[in-house]
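If you're wondering where the values come from, they're calculated on a predicted model, not measured in any experiment. Residue numbers start from 1 in every chain, and the chains themselves are labelled A, B, ... in the order their sequence lines are given, proteins ahead of strands.
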Amino acid sequence: MASTDPFLIFLQENASIVFPLLVALGLGLSSFAVGRRSARTLRVMPAWRALPRMLEQAAAQGQPVHLSSGGAGLQGSDSLLALASAEALYQAARLAQGPVILTTSDSTMIPLGYEVLRRAQRARGFAGSMQAGTLRWFPDGPRSLAWAGAASALMSSEYVGANLLVGGFGPELALVSHAAARRGQPLLAASDQLDGQAVAWASADEPLIGEELYFAGAWLHPTPANQAAVVMQDTLRWLLIAALLILAFLAYNSGGAAPA
Amino acid sequence: MMRSFFTMLAVLLALTTALVTLAGLLLERQPVLLAGALATWEPLIREWSATLLQVFSISVAVSIIIGILNLLLVHLRRSGRRETGCGYSFVLFLSAATVIGLTYLERENLLTTGAEWRVLLLEQVQVTVESSLAGLLLFGLVYGAWRVMALRVNGWGSLFVLTVLLVLGAALPLPELAPLVPLRDWLLAVPVNAGARGILLGIALATIVVGARVLIGQDRSLRSGRDE
């Protein structure tokens, strides 16, 4: 049975406009509220807590850090994942005290990757041009196997000290994580794809699950804007949980039929 | 001063582009809310939105050329400096140059052997190599399951391995393991399905927040270097 309430009809027809506007408004308000309060306590994410230590160890051994966004790129539905991935890679590149190698299998990530590395270099206080070969593009193939093969070889030939793989990965992540484990290289990984996420959980040193990939900024550089994003995300999650519970309750009461 | 001006300009350009493209896409789908407010601007927004999408398509094509140049230069440099693994780099550079050369010769009808060498190389080399890598994936996955117990000897790790064993066991065509099949089906239909949906919903919510941050100029790619 369809709803006849004009307000509900309006909301249904304009959800794709109203919802992002409400989220944007919520983000603005959250930034203001977080900015007025002292540091907000974030929920524990062992992977982001372990990252600075991993980077320090790599620097102490004089080894480069391997960062990758996998198949995430600035086209289609992956665009926002690519931006979130770029933020995580920027934070890692900023905190790394040694050289960094960034790999990607999506060509649209190349300009963004260079920007990430350039900004990180500036944040670390290095002037001058970037070293050639810091960013490497490995062409995409079915399930990014070409990237997996090339990245595994790179991890060996460049004597990588730590790996951070956040972005779009499928089961091919198993090849890279296997290569990292064989060489005793620490690895943190997260993917927006379920099969890649399962492999990442099983093989990474510390797990990062689902939306935790998007929390890098809040954990590693807790500015009011970054923390507001977490507040907004948590609020939306609780609202969604409440909506699901209410709908399930209504469905149960109406004899199993989904409420209109 | 000059840097701040260019940063402002870039932010303004990015936000205008994002809003015009969004408005153009929304006008195509749900003009109810926008119809009244943007009635006079609608043709212009649609035109700008289409033009911006075309510019984006061209940018993607250019980024592929940049990618190919990046690939060739990085591996040429590695070969020249005789770094570790330079042999692989040389083979890669040679292969890429060969494929580019063959493609050009075939397009210009200068290669008259009858066989399509480019396709032959792709099918006989690329597909074969990637198939063997796909075969290796199995070992990587098994090793991953083993690492779960090595890294996380706790309740969740044990549950993960037990679930894997249960699902794999139920897939075997052995009559002794038939009682596992209904349990496997329930496991996949209820807890696995619910967990997968939970993860995807979490990612979707996070994606919406990132999108909203881009639209209000809070994303790092739109900010100046002051907070670095």
Run the side chain to side chain contact (heavy atoms under 4.5 Å, CB included) test against A/P99 and tell me which residues pass, sequence neighbours left out.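 Partners of A/P99 by the side chain to side chain contact (heavy atoms under 4.5 Å, CB included) criterion, ordered by chain and then number, come out as A/P64.
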Strictly distance-based, threshold 3.5 Å: is any side-chain N or O of [X] a donor or acceptor partner for the main-chain N or O of [Y]?
X	Y	value
A/E212	A/I209	yes
A/Q185	A/V160	yes
A/Q197	A/G210	yes

Can you see which heavy atom on [X] is nearest to which on [Y], and at what distance?
X	Y	answer
A/Y90	A/A123	OH-CB, 3.7 Å
A/A72	A/D78	CA-OD2, 4.2 Å
A/L188	A/A47	CD1-O, 3.3 Å
B/S89	B/H75	OG-ND1, 3.0 Å
A/L208	A/A189	CB-O, 3.8 Å

Using non-hydrogen atoms only, which part of [X] is less than 4.5 Å away from chain B: side chain, backbone, both, or neither?
X	value
A/D106	neither
A/S191	backbone
A/A181	both
A/E158	side chain
A/L81	neither
A/S177	neither
A/L240	side chain
A/Y159	side chain

Between A/Q233, A/M109, A/R237, which shows the greatest number of heavy-atom pairs under 4.5 Å with chain B?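 Winner by heavy-atom pair count: A/Q233.
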Top contributor to chain B contacts, counting heavy-atom pairs under 4.5 Å, from A/L194, A/V23, A/L236: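 Ranked by contacts with chain B, first place is A/L194.
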Can you list the residues of residues 162-171 of chain B that sit under 4.5 Å from chain A, counting heavy atoms only?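 Listed by number, there are no contacting residues, so the answer is none.
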Quick one: which residues of residues 187-203 of chain B reach chain A at under 4.5 angstrom, heavy atoms only?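 The list, in residue order, reads B/A196, B/I199, B/L200, B/L201, B/G202, B/I203.
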Hey, are [Y] and [X] close enough side-chain-wise for a donor-acceptor pair under 3.5 Å?
X	Y	value
A/R94	A/Q91	yes
A/Y114	B/N70	yes
B/Y143	A/S203	no

Between OG1 on residue B/T21 and CH2 on residue B/W48, distance to nearest 0.5 Å: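 Answer rounded to 0.5 Å: 11.5 Å.
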Tell me which one of A/V116, A/L112, A/T103, A/I110 satisfies side chain to side chain contact (heavy atoms under 4.5 Å, CB included) with A/L135.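 When A/V116, A/L112, A/T103, A/I110 are each tested with A/L135, the side chain to side chain contact (heavy atoms under 4.5 Å, CB included) holds only for A/I110.
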Mind listing the side-chain donor-acceptor pairs of residues 55-63 of chain B below 3.5 Å, one per line with the distance, residues two or more places apart or on another chain?
| unit_1 | atom_1 | unit_2 | atom_2 | d |
| --- | --- | --- | --- | --- |
| B/S57 | OG | B/L53 | O | 3.0 |
| B/S59 | OG | B/V55 | O | 2.8 |
| B/S63 | OG | A/S107 | OG | 3.1 |
| B/S63 | OG | B/V60 | O | 2.7 |

Among the options B/A204, B/C86, B/G157, B/G67, pick out the one with the most heavy-atom pairs lying under 4.5 Å from chain A.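 Among B/A204, B/C86, B/G157, B/G67, the one with the most close pairs to chain A is B/G67.
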